[in-house]
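Heads up, the thing below is written out as structure tokens.
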There are 2 protein chains.
Amino acid sequence: MNLKHATEIGKCLSNQTRFQIMEWLKEPEKHFPPHETLKHFNDGVCVTYIQEKTGLSQSTVSTYLTNMEKCGLLICTRHGKWSYLKRNEETIKLFTEFLK
Amino acid sequence: MNLKHATEIGKCLSNQTRFQIMEWLKEPEKHFPPHETLKHFNDGVCVTYIQEKTGLSQSTVSTYLTNMEKCGLLICTRHGKWSYLKRNEETIKLFTEFLK
DNA sequence: TTGACATATCGGTAATTATAGATATGTTTG
DNA sequence: CAAACATATCTATAATTACCGATATGTCAA
């Protein structure tokens, strides 16, 4: 973790919807309906569910999630036509340790 | 700490200069010259020193610091005509705990 | 292969933020 | 009180980000 990387993460956390997504993903089963094909949330939540919950457009949320993945806040796993997102606790830890 | 407050902090940390200030203030004696009137850095560093180190204008840095104080990232102590800024470790802790 | 669906990217406009200079406020000192 | 100095606030413009609709890409299932 360096200053530039940490600032990129700061940018992601500078928007209430994006920060909210990070919070929702702490407990997916609490905030999202179960997926049709997957029985668990091991790889997180699909883009559509997140998008619907935010109330923003598909393109906006897709861009959010892409950037959040780029800076390492989220991990994206593809299963068929779905992309599942989960928190990257490793990066979160590095970020918080860098800050304090 | 709630989502709105955490996002305000995120905004402060979304700019490289502001994040840098947080880092400098971890070890003031390492990054700033000693003050003329105060022998220690117990209350942090004066605005002028921070401003000079950033290379940005006085008004810009003053606004940065004001906002960083408003969201609780910094503590401002006035000594005569100088304002001294130091990190607010309490808020930083609450923020990092909220995120993880 | 084609249609349906999930996600990503592009291109544009509105909103917000960055940043500075000018000016105001508050404090010390002569 | 007046001058000098430290900091804060105001006003304006440039740069960036927010957000959407349209379109492209990728995948599955018939």
Side-chain angles (χ1 to χ4, degrees), chain A residues 3-4 7-22 25 32-38 41 43-71 73-86, chain B residues 3-4 7-22 25 32-38 41 43-71 73-86:
Chain A
L3 183 64
K4 195 173 163 65
T7 305
E8 288 308 309
I9 292 174
K11 281 186 212 286
C12 286
L13 300 177
S14 71
N15 171 290
Q16 195 155 327
T17 302
R18 287 190 298 258
F19 213 132
Q20 177 73 84
I21 292 169
M22 291 301 294
L25 290 179
F32 299 96
H35 292 113
E36 287 175 24
T37 51
L38 258 67
F41 284 105
D43 289 325
V45 181
C46 71
V47 177
T48 305
Y49 282 3
I50 297 173
Q51 183 245 311
E52 285 170 352
K53 204 166 168 68
T54 64
L56 297 174
S57 77
Q58 186 268 324
S59 65
T60 296
V61 174
S62 177
T63 304
Y64 281 3
L65 297 174
T66 298
N67 290 334
M68 291 166 83
E69 193 207 349
K70 269 183 190 155
C71 76
L73 274 179
L74 297 179
I75 293 170
C76 182
T77 310
R78 189 106 191 186
H79 285 277
K81 56 181 169 179
W82 293 281
S83 288
Y84 293 85
L85 280 310
K86 68 174 173 185
Chain B
L3 184 64
K4 195 175 164 62
T7 306
E8 288 309 309
I9 292 173
K11 281 186 212 288
C12 285
L13 301 177
S14 71
N15 171 290
Q16 195 155 326
T17 301
R18 287 190 298 258
F19 213 133
Q20 177 73 81
I21 292 169
M22 292 301 293
L25 290 179
F32 299 95
H35 291 112
E36 287 176 24
T37 52
L38 258 66
F41 284 106
D43 289 325
V45 181
C46 72
V47 177
T48 304
Y49 282 3
I50 297 174
Q51 183 246 310
E52 284 170 352
K53 203 163 169 68
T54 63
L56 297 174
S57 77
Q58 186 268 326
S59 65
T60 297
V61 174
S62 177
T63 305
Y64 281 2
L65 297 174
T66 299
N67 290 334
M68 291 166 82
E69 193 208 349
K70 269 184 189 152
C71 76
L73 273 179
L74 297 180
I75 293 171
C76 183
T77 310
R78 189 105 191 187
H79 285 276
K81 57 181 170 180
W82 292 280
S83 288
Y84 293 84
L85 280 310
K86 68 174 173 185

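On a predicted model such as this, the values are computed, not experimentally measured, just so you know. Below, read A as the first sequence line, B as the second, and so on, with proteins coming before strands; counting in each chain starts at 1.
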[X] side, atom [atom1]; [Y] side, atom [atom2] - distance, nearest 0.5 Å:
X     : Y     : atom1 : atom2 : value
B:E8  : B:L3  : CD    : CG    : 10.5 Å
A:I21 : A:N15 : CD1   : CG    : 8.0 Å
B:R18 : B:M22 : CZ    : CE    : 12.0 Å
A:T60 : A:L65 : OG1   : CG    : 10.5 Å

Checking A:S62 side chain against A:S59 main chain: does a donor-acceptor pair fall under 3.5 Å?
no

Hey, what bend do you get for the helix from C:dT1-D:dA30 to C:dG30-D:dC1 if you fit axes on five pairs at each end, rounded to 10°?
30°

Which listed nucleotide (D:dT7, D:dC5, C:dT17) is nearest to the side chain of B:R78?
D:dT7

Of the options D:dA22, C:dG21, D:dT7, whose atoms approach the side-chain atoms of A:S59 most closely?
D:dA22

Euclidean distance, atom [atom1] of residue [X] to atom [atom2] of [N] [Å, nearest integer]:
X     : N      : atom1 : atom2 : result
B:D43 : D:dA6  : CG    : C1'   : 16 Å
A:Q20 : D:dA18 : CD    : P     : 16 Å
A:K11 : D:dA15 : NZ    : C1'   : 11 Å
A:I50 : C:dT7  : CD1   : P     : 9 Å
B:Q16 : C:dA18 : CD    : P     : 13 Å
B:Y64 : C:dA20 : OH    : C1'   : 11 Å
A:L56 : D:dC20 : CG    : C1'   : 10 Å
A:Q58 : D:dG21 : CD    : C1'   : 11 Å

I want to check one thing: is the phosphate of [N], taken as OP1 and OP2, less than 4.0 Å away from some side-chain N or O of [X]?
X     : N      : answer
A:S83 : C:dA6  : no
B:K81 : D:dT7  : no
A:N15 : D:dT17 : no
A:N67 : D:dT17 : no

Any base atoms under 4.0 Å from [X], or only sugar-phosphate, or nothing? Heavy atoms, all strands.
X     : result
B:L65 : nothing
A:S14 : nothing
A:T60 : base

For A:W82 and for A:S57, locate the closest nucleotide of DNA chain D by heavy-atom distance; then report the residue assigned to the nucleotide nearer the 5' terminus.
A:S57

Measuring only between side-chain heavy atoms, which start at C-beta, is B:Y64 closer than 4.5 Å to B:T54?
no

B:F32 versus B:I50: any side-chain heavy-atom pair under 4.5 Å?
yes

Once you measure the plane-to-plane angle for B:H79 and B:Y84, does it fall in the parallel (<30°), tilted (30-60°) or perpendicular (>60°) bin?
perpendicular

